[in-house]
Amino acid sequence: MILFGNLLCIASSKWAFIDIQKNSISKITEELILLYTPEEKTVFGETDIAKFKVPEIKAPADFTFQVGRKDIDVNHHMHNTYYLNYAYEAFPLALYEADEPNNFEILYKTGAKLRKLCRLLLSSRK
């Protein structure tokens, strides 16, 4: 995103083809790939989707919330951008008011659904 000639942020997302009947990742067929024009360009140079690993966390902040209707997307899961909104709620006030953080990594195994009670752990790589 550029504003007044200044780069404000860059972002990247990785998408998966989901079988909604099985609620699992499915292989994309060649026929489906031909319907679209996948881009080779990447923002951060990463192309592989790493297997999810639960990090060891010594959390300075621990926040619990329940997923509400306002959080749900068309797939009946919590919208991806709302995970970051809840992360902000977990920040200690001093961190929230600081110039940093400016880099986030949000990990979750499954999409949170309506009324799910979620626990958010905040950690730092510093």
Side-chain angles (χ1 to χ4, degrees):
M1 174 184 279
I2 298 177
L3 181 65
F4 303 118
N6 297 312
L7 180 65
L8 296 178
C9 68
I10 59 173
S12 179
S13 65
K14 296 179 182 177
W15 293 68
F17 188 61
I18 306 293
D19 181 328
I20 59 173
Q21 302 299 320
K22 297 178 183 175
N23 196 25
S24 64
I25 295 176
S26 294
K27 184 173 176 73
I28 300 175
T29 64
E30 191 65 34
E31 180 181 299
L32 189 57
I33 291 172
L34 292 174
L35 293 174
Y36 298 92
T37 309
E39 293 183 18
E40 299 297 322
K41 182 180 174 184
T42 64
V43 176
F44 300 108
E46 298 175 12
T47 56
D48 293 334
I49 297 176
K51 182 149 176 77
F52 180 84
K53 295 178 191 169
V54 178
E56 289 186 30
I57 295 177
K58 295 177 182 167
D62 187 334
F63 181 76
T64 302
F65 65 93
Q66 186 175 37
V67 178
R69 287 189 183 103
K70 66 178 175 32
D71 303 319
I72 299 298
D73 64 15
V74 297
N75 295 313
H76 308 288
H77 295 97
M78 189 161 92
H79 192 281
N80 287 339
T81 59
Y82 294 165
Y83 288 94
L84 183 56
N85 291 343
Y86 282 109
Y88 280 134
E89 295 298 325
F91 283 13
L93 185 58
L95 179 60
Y96 180 77
E97 292 177 343
D99 290 335
E100 292 185 11
N102 59 13
N103 188 8
F104 296 92
E105 184 173 6
I106 298 172
L107 303 173
Y108 54 93
K109 282 189 173 185
T110 61
K113 295 185 178 181
L114 184 63
R115 304 290 175 239
K116 168 102 174 146
L117 189 62
C118 298
R119 182 174 178 214
L120 189 144
L121 302 173
L122 178 71
S123 69
S124 173
R125 290 188 180 196
K126 287 184 179 181

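These numbers come from the heavy atoms of this one structure, side chains and all, not from hydrogens, waters or symmetry mates. The structure displayed is predicted, hence computed values, not measured ones.
- With sequence neighbours excluded, the residues satisfying salt bridge (Lys or Arg N to Asp or Glu O under 4.0 Å) with Arg119 are Asp62.
- Lys70 pairs by the side-chain contact (heavy atoms from CB on, under 4.5 Å) definition with Tyr86, not counting sequence neighbours.
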Verdict with supporting geometry, Val67 and Lys113, side chain to side chain contact (heavy atoms under 4.5 Å, CB included): CA-CA 7 Å; Val67 178; Lys113 295 185 178 181; over 6 Å; no

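- Separation of atoms CZ (Arg69) and CG (Leu114) is listed at 6.0 Å; rounding is to 0.5 Å.
- The structure places CD of Glu89 at 13.0 Å from OG1 of Thr64, a figure rounded to the nearest 0.5 Å.
- Apart from Leu93 itself, the hydrophobic cluster it occupies contains nothing, where clustering links Ile, Leu, Val, Met, Phe, Trp and Tyr at side-chain heavy-atom distances under 4.5 Å.
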Derivation of the side chain to side chain contact (heavy atoms under 4.5 Å, CB included) call for Tyr83 and Met78: CA-CA 8 Å; Tyr83 288 94; Met78 189 161 92; 3.3 Å; yes

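- Put simply, the side chain of Gln66 gets close to the backbone of Arg115: a donor and an acceptor are under 3.5 Å apart.
- Taking each heavy atom of His79 and Thr81 in turn, the nearest pair found is ND1-OG1, 2.9 Å.
- When the side-chain contact (heavy atoms from CB on, under 4.5 Å) test is applied to Asn75, the partners found at least two apart in sequence or on another chain are Asp73, His77.
- Hydrophobic clustering, defined by side-chain heavy atoms of Ile, Leu, Val, Met, Phe, Trp and Tyr closer than 4.5 Å, leaves Leu117 isolated from every other such residue.
- Chaining together hydrophobic side chains whose heavy atoms lie under 4.5 Å apart places Leu35 alongside Phe17, Ile28, Leu32, Ile33, Tyr36.
- A distance of 14.5 Å separates CZ in Phe63 from OH in Tyr88, rounded to the nearest 0.5 Å.
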